[in-house]
Amino acid sequence: MYYEKLDDFPKNFLWGAASAAYQIEGAFDEDGKGPSVWDQYAKVPGNTFKGTNGDVAIDHYHRYKEDVALMKEMGLKAYRFSISWSRVLPEGEGRVNEAGLDFYRNLVRELKANGIEPVATLYHWDLPLALQEKYGGWESRKTIAAFREYCQVVFEALGEDIRYWVTFNEQNVFTAMGYRWGNHPPKKHDVKLMFEMNHNVNLANAVAVSLFHKMVPGGKIGPSFGYGGVYPKTCDPDDVLASLNADDFNNSWWLDVYCRGHYPAFTFKALERLGIAPEVTEDDRKLLEAADARPDFLGINFYHGGTVQQNRIEKPVDDDGEERDYSATDPYLMQPKGDQAQNPEVPMFNSVKNPYLKTTQWGWEIDPVGFRVALREVYEKYELPIMVTENGLGAHDKFEDGRIHDDYRIEYLRQHILEMKKAVTDGVEVLGYCAWSFTDLLSWLNGYSKRYGFVYVDQNDDQTGTLDRYRKDSFYWYEKLIEQNGSDEILNGKEQTK
Ligand code: BGP
């Protein structure tokens, strides 16, 4: 769709940047903070890249004033951060640690004094270790009650000062990484259990949203979902059907529950057939469907989507385009039902490479148009305002005498923000855009060398850096973009940056 002129971004558009507690704070055991599952997990040899952990991270806990001063200098309008549950409730429930709450009170005060809108995430993966040990974490409904307690404490302390809240960050990612792929805590490989614990997180999300609506009437709350749009490999109707299946399995499975209060029929039936669908009680249904459990906006984290073709059982087609007969040997058909239950998507779709897209140094597809498609799809389907809560480029940056020439990052952001502007022109209501990330920070599984920030932090994989901060070229570019409220000039690449 071609426009002669794009709509302007709204005047109060929230140009922001994002982070998460474990990835920046450090001070992992200071001022009464209890351990989280990540504090433990990252210290087990082999679990993270070169053994990196967030004990110090980028020491934001002690340097938050310096970081906020940089945000202010940049002209940032919003800052998304997460609250560490075990800093506030060291055992996950019960005793409140006032010193932990004070850190967030001070941070929010500092942000607001500098004209920056705080956006607080309640849960960015760092579950209090005590809850994992006591109840098996999200495997138990007791953790839902603990989460409610935590939310109540935090809403009471900060509800008046923070307008925008995010419940769960990328529920689709932490449930799958923790319970299917086994590369996040608690490192399990059990798909049935994953769907069960995921259901508990859905209930916790509904509980938090309902409670928020009671306690913070003027505020806005929603989950941040890791959205990946799906393309069919070809216009063969069977490939199109496969992409519909993948979208249902990868996206609607969560988004429908958040926004409509129930699971999508197709995936639910597929899981039921395999005996791995979550048990949904009558009370659960009521809770999920309650009007006050609907989010006020949807947070969308966008990095990349995927491409699929029809499954190989019905019509075997290889990536090289050659047809092969899998019917006799297809491992899925030969597997007992229990094993099929570990691979529920096999009959639904088959992931393939997208030949049109380039990838990052870490192999993630770069797809700005897909970002516009994603915004359109989500907005059309759920009719909720969208806040882009993460989008950005992870790269190896080169530090040259205090300068970091990250033109590749500027280009990535420019293209994505331009497509977002087109989506706005298409009619999508976008409240704000939080680039991932403001400063460099710890990547959960890729250490400190996968950098995303506008601000370079001298921290290395061996965790010996000075922690000094340096503005990258992208810092000055984003500053200008904000100043011009995302003008066509800067988005068409005509502006010179330092
Ligand atoms: C998202 C997470 C962020 C961040 C980002 C980049 O999934 O919400 O916390 O880590 O991805 O991921 P990575 O560090 O793996 O490159």
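Predicted model only: the values in this text are computed from it and were never measured. We number each residue from 1, following the sequence as shown. The figures that follow rest on heavy atoms only: side chains count, while hydrogens, waters and symmetry mates do not. When a ligand or atom number is given, it counts from 1 through the structure's own listing order.
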Output block, N or O contacts of ligand 1, threshold 3.5 Å exclusive:
unit_1	atom_1	unit_2	atom_2	d
ligand 1	7 (O)	Glu170	OE1	2.4
ligand 1	7 (O)	Glu170	OE2	3.1
ligand 1	8 (O)	His124	NE2	3.3
ligand 1	8 (O)	Asn169	ND2	2.8
ligand 1	8 (O)	Glu390	OE1	3.2
ligand 1	8 (O)	Glu390	OE2	2.9
ligand 1	9 (O)	Gln23	OE1	2.8
ligand 1	9 (O)	His124	NE2	2.8
ligand 1	9 (O)	Trp444	NE1	2.9
ligand 1	10 (O)	Gln23	NE2	3.2
ligand 1	10 (O)	Trp444	NE1	3.2
ligand 1	14 (O)	Ser443	OG	2.6
ligand 1	16 (O)	Lys450	NZ	2.7
ligand 1	16 (O)	Tyr452	OH	2.5

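- In Lys421, the NZ atom is crowded: over 12 heavy atoms of neighbouring residues, nucleotides or ligands sit closer than 6.0 Å.
- With respect to Phe454, the ring-ring contact (aromatic ring centres under 6.0 Å, His included) criterion is satisfied by exactly one of Trp15, Phe475, Tyr478: Tyr478.
- A search for side chain to side chain contact (heavy atoms under 4.5 Å, CB included) contacts involving Thr359 returns Glu365, not counting sequence neighbours.
- Summarising the local packing, NZ of Lys72 is surrounded by 12 or fewer heavy atoms from other residues, nucleotides or ligands at distances under 6.0 Å.
- Sequence neighbours left out, the pairs with a member in residues 428-439 that pass side-chain hydrogen bond (donor to acceptor under 3.5 Å, both in side chains) are Asn391-Tyr433.
- Remark: Asp296 pairs with His213 by the side chain to side chain donor-acceptor pair (under 3.5 Å) rule, at least two apart or across chains.
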